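Data first, discussion second: the structure below is written as structure tokens.
Heavy-atom basis, side chains included; hydrogens, waters and symmetry copies ignored. For ligands, and for the atoms within them, numbers begin at 1 and follow the listed sequence. Owing to the predicted nature of the structure, the values given are computational and were not obtained by experimental measurement.
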Amino acid sequence: MPRSDAPSNPAAAPLDIDKVRQQLIPRRLGVKLHYFAEVGSTNARAQDLAEGGAQEGEVVIADAQTQGRGRLGRRWESPAGRNLYFSIILRPGLVPAHAAQITLMAAVALAETLDLFIAATAEIKWPNDILVGGKKLAGVLTEAACSADAIEYVILGIGINVNYRRDEMPEDIRARATSLADLSGAFVARENVLARLIHALDRCYGVLEQSGFDALRPRWEARFALRGKLVRVEHLDQWIVGRARGIAPDGALLVEDESGALHNIYAGDVIALEN
Ligand code: BTN
């Protein structure tokens with residue numbers, strides 16, 4: 001019998017970091033877990049640790065974030081007791097021009113892991129969104145510190161909606177977001193998701209470093225949510241409209257304009273103009 005003061009909703013219980021540790025076989029990623037009940041942003045905290053000399057594979061995990069950040073300066077909703085928010089310090093042997101491939105690599109590991117918890121296929125919207133049925137389930141935010149010719153470190157931040165129910169989401173994201181619990185109809189133990197994901201990231205990161213993004217490309221392409229769709233790509237004050245055709249060996253999004261010219265996109269916001 002549960003104690004009378006125990007939370008009746010398992011989704012409301014704090015993350016049990018010891019359960020994560022028990023499931024982890026520490027390889028390169030997950031060598032050390034830093035757990036906080038609340039931080040501003042796990043990416044910011046990981047950045048501080050990296051600047052202080054933390055080693056590759058250390059992970060910052062928080063049960064809640066007060067200033068969770070998304071790509072392009074957006075806010076990332078980070079209530080306590082529901083979801084996963086974590087950031088991994090990486091010190092990859094990649095040239096700075098390939099730093100963005102970390103996001104693509106993480107999207108593969110993330111989508112493949114989330115599939116284990118739902119009866120649906122998680123898709124990737126270039127470069128960092130994980131979608132199911134067109135709704136956002138998870139996101140990746142990588143932030144790199146580079147010198148002229150080397151990457152000093154990359155902070156790989158991941159947010160996943162786990163037990164966040166539709167009726168708890170703020171109005172403005174409810175129509176666009178989903179969660180593992182909403183998709184599976186059941187409570188999902190965040191500790192299991194996190195441990196499996198760290199393993200999957202470890203393996204995909206190894207492939208990226210040893211063989212390059214091209215070795216992960218078929219797995220990424222198999223989940224590409226925008227294939228053949230009309231999209232508008234905006235970057236700073238420039239934009240193009242065309243059909244999304246796939247991804248190049250170096251990770252650029254390939255967009256074909258109406259004249260048939262193929263554009264390699266390395267940065268920008270992609271808006272689908274059709275479903
Ligand atoms: C996006 O889809 O725009 C990226 C969202 C990334 C959110 C995660 S939550 C953990 C880490 N800390 C942050 O402040 N952001 C990332």
Side-chain angles (χ1 to χ4, degrees), residues 15 17 20 29-30 33-51 54 57-90 99-111 113-114 122-132 134-145 153-164 169-170 172-180 190-191 193-194 197-198 201 223 225-226 233-235 253 267-272:
L15 189 85
I17 200 67
V20 181
L29 307 191
L33 307 184
H34 303 264
Y35 174 71
F36 301 92
E38 184 180 285
V39 293
S41 154
T42 57
N43 265 35
R45 190 58 72 97
Q47 198 168 351
D48 290 346
L49 287 169
E51 291 287 342
E58 294 191 26
V59 187
V60 175
I61 304 150
D63 199 44
Q65 297 183 117
T66 54
Q67 292 167 60
R69 54 201 198 209
R71 202 166 152 263
L72 306 173
R74 294 176 184 137
R75 188 182 85 246
W76 186 260
E77 283 299 325
S78 310
R82 295 287 182 272
N83 301 325
L84 280 170
Y85 321 109
F86 69 99
S87 304
I88 307 183
I89 297 166
L90 302 175
Q101 295 177 356
I102 302 271
T103 303
L104 306 173
M105 172 284 291
V108 170
L110 186 48
T113 302
L114 296 179
E123 295 188 314
I124 304 171
K125 176 175 167 275
W126 187 92
N128 70 317
D129 288 343
I130 305 297
L131 308 178
V132 174
K135 293 187 175 181
K136 186 142 170 175
L137 175 60
V140 179
L141 176 67
T142 50
E143 298 177 301
Y153 61 84
V154 171
I155 304 302
L156 168 58
I158 295 181
I160 307 169
N161 295 332
V162 182
N163 292 310
Y164 204 13
M169 294 176 187
D172 59 326
I173 66 165
R174 196 173 295 168
R176 305 180 271 117
T178 188
S179 69
L180 291 178
R190 289 179 291 164
E191 295 81 3
V193 180
L194 181 56
L197 181 52
I198 291 174
L201 287 165
R223 293 173 180 276
L226 298 174
V233 187
E234 299 175 346
H235 183 52
L253 175 69
D269 199 19
V270 182
I271 300 142

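Close approach of ligand 1 to Arg71 is summarised as follows: ligand atoms under 4.0 Å from at least one heavy atom of the residue are 1 (C), 3 (O), 4 (C). Residue Val140 approaches ligand 1 through these ligand atoms, each under 4.0 Å from one of its heavy atoms: 4 (C). The distance from ligand 1 to the heavy atoms of Gly68 drops below 4.0 Å at these ligand atoms: 14 (O). Applying the 4.0 Å criterion to heavy atoms of Gly159 picks out, from ligand 1, the atoms 7 (C), 8 (C), 9 (S). The contact set between ligand 1 and Phe86, taken as ligand atoms under 4.0 Å from a residue heavy atom, comprises 10 (C). Every atom of ligand 1 with a heavy atom of Gly70 under 4.0 Å away is listed here by number and element: 1 (C), 3 (O), 4 (C), 5 (C).
When atom types are taken as modelled, the side chain of Tyr85 and the backbone of Pro79 share a donor-acceptor pair closer than 3.5 angstrom. Not one N or O on the side chain of Asn161 forms a donor-acceptor pair closer than 3.5 Å with the backbone of Ser179. For Arg223 (side chain) and Val108 (main-chain N/O), no donor-acceptor pair under 3.5 Å exists by modelled atom type. Of the possible donor and acceptor atoms, one in the side chain of Asn43 sits under 3.5 Å from a partner among the backbone N and O of Leu141.
Within the 4.0 Å heavy-atom criterion, the part of Asn128 lying near ligand 1 is the side chain and not the backbone. Residue contacts with ligand 1 for Asp129 involve side-chain atoms from C-beta outward but no N, CA, C or O (heavy atoms, distance under 4.0 Å). By the criterion of a heavy-atom distance under 4.0 Å, the side chain of Ser87, and not its backbone, is placed next to ligand 1.
The shortest N or O to N or O distance between Gln65 and ligand 1 is below 3.5 Å. The shortest N or O to N or O distance between Arg69 and ligand 1 is under 3.5 Å. Annotation: Lys136 places an N or O atom under 3.5 Å from an N or O atom of ligand 1; distance criterion only.
Ligand 1 lies nowhere less than 4.0 angstrom from a heavy atom belonging to Arg74.
Between atom CG of residue Asn163 and atom CZ of residue Arg82 there is a gap of 7.5 Å, rounded to the nearest 0.5 Å. Rounding to the nearest 0.5 angstrom, the gap separating the CG atom in Leu137 from the CG atom in Leu114 is 5.0 Å.
Checking each of Glu38, Gln65, Gln67 against Ser78 for a side-chain hydrogen bond (donor to acceptor under 3.5 Å, both in side chains) leaves exactly one that passes, namely Gln65. Among Thr103, Leu104, Ile160, the single residue meeting the side chain to side chain contact (heavy atoms under 4.5 Å, CB included) criterion with Val140 is Thr103.
Salt bridge absent: Lys125 and Glu123 never bring a charged side-chain N and a carboxylate O closer than 4.0 Å. Using a 4.0 Å cut-off between a side-chain N of Lys or Arg and a carboxylate O of Asp or Glu, Arg176 and Asp129 do not qualify as a salt bridge.
With respect to atom 5 (C) of ligand 1, the closest heavy atom belonging to the protein is Trp76 CE3, 3.4 Å. Among protein heavy atoms, atom 11 (C) of ligand 1 sits closest to Thr42 OG1, 3.2 Å.
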